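From a predicted model like this one, the values you see are computed outputs, not experimental measurements.
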2 protein chains.
Amino acid sequence: MSETPHAKLGFREIAAALRSEIVTGKYPTASVLPPEPELAERYGASRSLVNRAMSILAAEGLVRPRQGRGTMVTWLPPMIHSSARYSRATRERGGAKGAFDAEVLALGLQPEHEITVERAEPPAEIADALGVERGKVNCLVRRRRLLASGIPVRLNASWFPLSIAEQTVLEEPAPVIKGGVKSALAELGYQQVHAQERIIPSRLPSDAEARALEISPERTITDIVHTGQTADGRVVEVTTTLAPAHYLVIVHDFPLT
Amino acid sequence: MSETPHAKLGFREIAAALRSEIVTGKYPTASVLPPEPELAERYGASRSLVNRAMSILAAEGLVRPRQGRGTMVTWLPPMIHSSARYSRATRERGGAKGAFDAEVLALGLQPEHEITVERAEPPAEIADALGVERGKVNCLVRRRRLLASGIPVRLNASWFPLSIAEQTVLEEPAPVIKGGVKSALAELGYQQVHAQERIIPSRLPSDAEARALEISPERTITDIVHTGQTADGRVVEVTTTLAPAHYLVIVHDFPLT
DNA sequence: GAGTGGTCTAGACCACAGA
DNA sequence: CTGTGGTCTAGACCACTCG
């Protein structure tokens, strides 16, 4: 079958056409698009236009163009980030890691995890939240990078005061802590009873963040800062979650006063 | 003082330069930028480049270019959307409207409200949530559009089953309902005890949404769907909030089980 | 009519990846 | 070396707004 003839298209329309071909699966996630000159011919436009259309799709996160390598499809449906993930019932079913793996596998993609644990100096904001002195190496941080078939989809960092976490199970670089971090803290005598999530739906990434998530600098990200408090009001955990903006849906349940 | 000479800049760098001049106040919100040809000369680049830089800033929501009229600065700092807004204490201090007005005035801008009340057919999703039949005019909807010096920053729609809201205070097109919608519903015998917020941090607007918010089609928006339930589990209110993505920070407090 | 942004082309050169 | 995307220019024409 020959290519459908196209009326003269603008770059937004070229972007829309490609977008629809991507989300309907004609170009599956992790595949490579035809080269820009070929698309230019197909749409009867100059390469400049196709290139500008690609910029739009890259900023939306549907696509990741790379010099010399071609343009890879990075589209993924959003995954749910729910306050229910902090409930005991969810933890007992395998927690966040299990849910992530299942979601990614259901899309026919390969889940991967990278985890590092180190002692580090927290950013000022986090130091203040945890009530530790600024500018000192006084925290333990567990960092995770979650990928789907090589596409980074989450960047996590959990910060704990060293005074609490030093030489405990939290320092083990295991991908999962049995029962979850909150259970581990509870066993150490720091049972959390209250949490806050501060969500920045859309902001530009720093250069380091863009590199870690392998996104173009125009692509916005969602930033979630989760803090957990014990009954006496002490903050014992701050966890930040970064994700390319549209890879996320957030669901919160809460009682009304 | 003559213009600072510039080294040869790329379009991302031109965008960055303008971005920083905007957020530092050299070009204040609601002012108009110099014309593209002038900026091209200042940066020693072609107008094409400046135009592409403007596309980036428009997608970020910092500016709003308009044919024939020039490019207006639409930058605003994010405003907080908090679960605390649903508490009695907040309502008694004047509620969401008062908070919005105060925030906008503090920026030196003029708050404006548009409100319409009508009977309408809810979208299928909302009909299902409210437990009313699809495809029927069986709901009351209160729509609000909030602006800061003419820049639309929020689009609200609150849906109620007509069976509850018909010929009540909810049908009055007053900009504020005394004590808030939740109090009004409580007085009608529908006290809400539980709420859920479903947050889509970043999605593309429909054409109608882009028009109502006066944004470019590439500009992403945040979509919050709030549902309120009575003690017997009945959903009596669904409120959707749309905002250009970076005009928003969301804060949620919740107890841990 | 003059000035604004919106779009488009044709061609060019560069940086990078891979055979 | 070839082919990929990244960038850039000069010029053109169009649509829209406002005086």
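Residues from residues 46-61 of chain B that place a heavy atom under 4.0 Å from any atom of DNA chain D, listed by number: B:S46, B:R47, B:S48, B:L49. For the segment residues 27-36 of chain A, no residue has any heavy atom less than 4.0 angstrom from an atom of DNA chain C. DNA chain C lies under 4.0 Å from at least one heavy atom of each of the following residues of residues 63-70 of chain B: B:P65, B:R66, B:Q67, B:G68, B:G70.
A side-chain donor-acceptor contact under 3.5 Å links A:R52 and B:S55. Using modelled atom types and a 3.5 Å distance limit, the side chains of A:H226 and A:E197 yield a donor-acceptor pair. B:H81 and B:R154 share no donor-acceptor pair across their side chains, judged by distance under 3.5 Å alone.
The nearest pair of heavy atoms linking A:W159 to A:C139 is CE3-CB, 3.8 Å.
Atoms CE (A:M72) and P (D:dT4) sit 18 Å apart, rounded to a whole Å. As a whole-Å value, the separation of A:Y43 OH from C:dT7 C1' is 18 Å. Rounded to whole Å, atom C1' of C:dT9 lies 16 Å from atom CD of A:E41. At whole-Å resolution of the value, CG in A:L39 and P in D:dG6 are 13 Å apart.
In this structure, A:R219 does not pair ionically with A:E60, as no charged nitrogen and carboxylate oxygen lie closer than 4.0 Å. Between B:E121 and B:R134, no side-chain nitrogen of the basic residue sits less than 4.0 Å from a carboxylate oxygen of the acidic one, so the salt-bridge criterion is not met. Salt-bridge annotation for A:R12 and B:E218: present, with a side-chain N of the basic residue lying under 4.0 Å from a carboxylate O of the acidic one.
Atoms CD1 and OG1, from A:I224 and A:T241 in turn, are 5.5 Å apart once rounded to the nearest 0.5 Å. Separating the OH atom in A:Y247 from the CD1 atom in A:I215 is a distance of 9.0 Å, to the nearest 0.5 Å. A:R203 contributes atom CZ, which lies 5.5 Å from atom CG of A:L242 (distance to the nearest 0.5 angstrom).
Of the possible donor and acceptor atoms, one in the side chain of B:T29 sits under 3.5 Å from a partner among the backbone N and O of B:W75.
For the pair A:E13 and B:P37, both in contact range of DNA chain C, the more 5′-proximal nearest nucleotide belongs to B:P37.
Here the side chain of A:F11 is nearest to one of C:dG5, D:dG5, C:dC8, namely C:dC8.
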